[in-house]
Amino acid sequence: MTDEKALDVQVGGDHYKTMTIQPVEFIEKNHLPFWVGNVIKYICRCNMKGGIEDLRKAVHYCDLAKGIMEDQIEEMIAVRSCSTGGDCE
């Protein structure tokens with residue numbers, strides 16, 4: 001068994017270890033959802049690892065987050081409408 005912490009070890013490069021605050025630390029301490037965490041991860045590493053591809057991945061997760069939030073808003077509107085006597089389908 002080793003005393004090395006998981007944040008001190010990186011599999012597949014060192015692009016996170018060189019950062020003052022690793023994305024996983026920021027994401028965890030701020031209790032961010034999965035898709036927001038991925039946006040942060042890809043933006044943080046794009047200049048050190050994946051370049052344009054990482055930016056595309058970040059945009060993809062932004063689109064996913066947008067879709068999820070839009071669905072949640074629609075569901076809240078439907079629940080309110082139903083509770084005030086509107087359509088309950």
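Only heavy atoms go into these numbers, but all of them, side chains included; no hydrogens, no water, no symmetry mates. Note that the structure is a prediction, hence the values are computed from the model and not measured.
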Look up atom [atom1] in [X] and atom [atom2] in [Y], then write down how far apart they are to the nearest 0.5 Å.
X	Y	atom1	atom2	result
Met48	Asp54	CE	CG	9.5 Å
His60	Tyr42	NE2	OH	9.0 Å
Lys41	Phe26	NZ	CZ	15.5 Å
Gln22	Ile27	CD	CD1	10.5 Å

Mind checking whether Tyr61 and Phe34 have parallel, tilted or perpendicular rings, split at 30° and 60°? perpendicular
Could you pull out all residues at least two apart from Glu70 that satisfy salt bridge (charged side-chain N to carboxylate O under 4.0 Å, His left out)? Lys66
Can you name the residues that form a salt bridge (charged side-chain N to carboxylate O under 4.0 Å, His left out) with Glu28, not counting sequence neighbours? none
If you count the non-hydrogen atoms of other residues, nucleotides and ligands that lie under 6.0 Å from CG in Asn47, is the total more than 12? no
For Arg45 and Lys57, which heavy atoms make the closest approach, and how far apart are they? NH2-NZ, 3.9 Å
Determine yes or no for a side-chain-to-main-chain donor-acceptor pair under 3.5 angstrom, with Glu74 supplying the side chain and Asp71 the backbone. no
Same cluster (ILVMFWY, side-chain, under 4.5 Å), Ile21 and Ile40: yes
Going only through I, L, V, M, F, W and Y residues with side-chain contacts under 4.5 Å, is there a path from Leu32 to Ile68? yes
Checking Ile43 now: which residues fulfil side chain to side chain contact (heavy atoms under 4.5 Å, CB included) with it, not counting sequence neighbours? Val39, Leu55, Ala58
